[in-house]
J.: 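Questions regarding the structure given below will be posed in turn.
Note that the coordinates shown come from a computational prediction; the quantities given were computed from them, not determined experimentally. No hydrogens, no waters, no symmetry mates; every other heavy atom, side chains included, goes into these values.
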Amino acid sequence: MTSTQHVRVEGTSYQRGCQYGRQAAARIRLSVQAYQQVFAHFADWDWPTVRREAARFEAPIGKFRPGYLEEMRGIADGAGLGLTDVLAINVRTEVMYAAKARQAAGARQAPAKKHAPAECSAFASVPAPGRDGPVLIGQNWDWLLHSAQTLVVLEARPDDGPDFVTVVEAGLLAKTGMNAAGLGLVTNALVTDADTGEPGLPYHVLLRAILDCATVTEALNVLQARPRSSSANYLIAHASGAALDVEAAPGDFTRLHPLYPQDGLLLHTNHFLTPLIAPDPYTDLSLWSMPSSAVRLQRLRAAAEANARTLGDFRVLLADHADYPYGVCAHPDPAAHPCEQGATIASVLMDLGARQLWLAAGNPCQVPYERLDITL
């Protein structure tokens, strides 16, 4: 069973970070402890090595948004940790998916032995122009089992941007969420052979930056602003009915691939839907790394063909067990290594026009959705 803590912060970047760090100190420390084991298993790195690698991302983040570094410094001070400890968990995607890319390079010679769980099945539903209807967005977030004990709902009132709420691992800047401007964000991990862990803008920093945006176009500009360090999918919608899915590979604006709603729906799991053909300088490794992505996308599309459009429809979809235990509602594989077992940690549904968010803290087949007490 996932446990959740609601954290509320306000003020400057550093003040918000300190408040976050103090309120969620136990969970942030647990995150750091858990990722020490995770990084050792997947990347064969001890914690001093992880901290050295994480420090390489300080300069790119500082050049992009210095306030985010101050926020992380505040989180560290509030939780009684070092800045590089907090940096390390905020670049966990860059560390782990670079390790996956390295494994893939040798997979033809020897089968890979280490597989992290797949991450996320996501959707958005928007009405056609001139038609009435809610703008709905949501996802199942699937990840390692330790994160069931580090989940937080972070509700922030920045002094320099829109208020926002995000459902996230303790100590990280952001994950899925929405803001007072009516912008909503869900996301999926992707991996290519270009995911080498070179410093750039990290995934979770970009998620935080999108939640500072007032429009979908502004969010796209954020993704184009500077070179990104890792692959990811960003599914973004707005209460006005604007919606865009952006598949991103490491690099600059030339490695962004926009996808558009079909019949009012955007659907995504953990592999590229844009054909990557020559002269693209990278190869999609996502299905090799996260093979459950293919069937999960098939199930999302099956629901779309059945005209899923309401919150009730999406609750049913996100509890789907086809291909158990690897389905949309994911459960641990008892045969997997303990460090590789994963499950649906949280299921999130958002109505952007109403600024309402429902959270099932755990598998939605077992845990009811609760509407969060938030003010945006």
Side-chain angles (χ1 to χ4, degrees), residues 117-142 167 176 178 184-190 233-247 258-275 286-287 290-331 343-354 356-360 362-371:
E119 281 198 67
C120 309
S121 303
F123 75 89
S125 173
V126 297
R131 302 283 182 87
D132 292 331
V135 177
L136 305 176
I137 185 170
Q139 74 173 103
N140 278 358
W141 173 48
D142 309 330
V167 179
T176 184
M178 65 179 176
L185 168 68
V186 291
T187 187
N188 313 87
L190 300 172
N233 185 68
Y234 304 88
L235 200 164
I236 309 158
H238 190 272
S240 64
L244 187 66
D245 187 282
V246 184
E247 297 180 333
L259 298 168
Y260 309 96
Q262 294 186 352
D263 298 323
L265 288 176
L266 282 167
L267 307 169
H268 211 283
T269 52
N270 296 103
H271 61 282
F272 280 84
L273 302 182
T274 306
S286 303
L287 283 177
M290 297 170 279
S292 70
S293 179
V295 170
R296 286 185 285 113
L297 182 62
Q298 176 265 318
R299 297 302 290 169
L300 297 187
R301 289 180 173 176
E305 291 170 2
N307 204 34
R309 292 293 187 278
T310 68
L311 282 171
D313 294 334
F314 292 118
R315 286 190 181 101
V316 171
L317 171 59
L318 294 177
D320 185 67
H321 280 162
D323 214 34
Y324 183 94
Y326 306 111
V328 172
C329 183
H331 290 258
T344 296
I345 302 301
S347 186
V348 178
L349 294 166
M350 293 173 274
D351 182 329
L352 299 184
Q356 292 179 342
L357 187 153
W358 291 264
L359 171 65
N363 287 96
C365 66
Q366 300 170 342
V367 179
Y369 287 92
E370 295 185 5
R371 196 177 85 184

J.: On a heavy-atom basis, which atom in Leu287 and which in Ser293 lie closest, and how many Å separate them?
T.: CD2-CB, 4.0 Å
J.: What pair of heavy atoms forms the shortest contact from Ala303 to Leu317, and how long is it?
T.: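 Residues Ala303 and Leu317, closest heavy atoms: CB-CD1, 3.8 Å.
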J.: For Arg315 and Pro368, indicate whether the former's side chain and the latter's backbone hold a donor-acceptor pair under 3.5 Å.
T.: no
J.: Can you say whether the rings of His321 and His331 are parallel (under 30°), tilted (30 to 60°) or perpendicular (over 60°)?
T.: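 His321 vs His331 ring planes: perpendicular.
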J.: For Asn140 and Ser347, work out which heavy atoms get closest and say how close.
T.: OD1-OG, 2.6 Å
J.: Quick one: do Glu370 and Trp358 satisfy side chain to side chain contact (heavy atoms under 4.5 Å, CB included)? Show the steps, please.
T.: CA-CA 5 Å; Glu370 295 185 5; Trp358 291 264; over 6 Å; no
J.: Among Leu267, Leu235, Leu273, whose side chain to side chain contact (heavy atoms under 4.5 Å, CB included) with Asp245 holds?
T.: Leu235
J.: Working to the nearest 0.5 Å, report the span between CG of Leu349 and OG1 of Thr310.
T.: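 That separation rounds to 10.0 Å.
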J.: Quick one: closest heavy-atom pair of Cys120 and Asp142, and the distance?
T.: N-OD2, 3.7 Å
J.: What residue among Ser286, Ser121, Ser292 forms side chain to side chain contact (heavy atoms under 4.5 Å, CB included) with Thr269?
T.: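 Single side chain to side chain contact (heavy atoms under 4.5 Å, CB included) partner of Thr269 among Ser286, Ser121, Ser292: Ser121.
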J.: Over all heavy atoms of both residues, which pair between Leu259 and Thr274 is shortest? Give the atoms and the distance, please.
T.: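 Closest approach of Leu259 to Thr274: CD2-OG1, 3.7 Å.
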J.: Got more than 12 heavy atoms from elsewhere within 6.0 Å of CG, Asp263?
T.: no
J.: Could you tell me which non-hydrogen atom of Phe123 sits nearest to which non-hydrogen atom of Gln139, and how far apart they are?
T.: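 It is CE2-N, 4.2 Å.
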J.: Could you state the interatomic distance from SG (Cys329) to CG (Asn363), rounded to the nearest 0.5 Å?
T.: 4.0 Å
J.: Identify the residue among Val348, Leu311, Leu318 that makes a side chain to side chain contact (heavy atoms under 4.5 Å, CB included) with Tyr369.
T.: Leu318
J.: Could you give the distance from CZ (Arg309) to CZ (Phe314), rounded to the nearest 0.5 Å?
T.: 6.5 Å
J.: Measure the CG-CZ distance between Asp320 and Arg296 for me, rounded to the nearest 0.5 Å.
T.: 11.5 Å
J.: Could you tell me whether the side chain of Thr176 and the main chain of Leu185 form a donor-acceptor pair under 3.5 Å?
T.: yes
J.: Rounded to the nearest 0.5 Å, how far apart are CG of Asn188 and CE of Met290?
T.: 9.0 Å
J.: Please say which of Val186, Leu190, Val246, Asn270 ends up in a side chain to side chain contact (heavy atoms under 4.5 Å, CB included) with Asn233.
T.: Leu190
J.: Within a radius of less than 6.0 Å around CD of Gln298, do more than 12 heavy atoms belonging to other residues, nucleotides or ligands occur?
T.: yes
J.: Is a donor on one side and an acceptor on the other found under 3.5 Å between the side chain of Asp351 and the backbone of Gln356?
T.: no
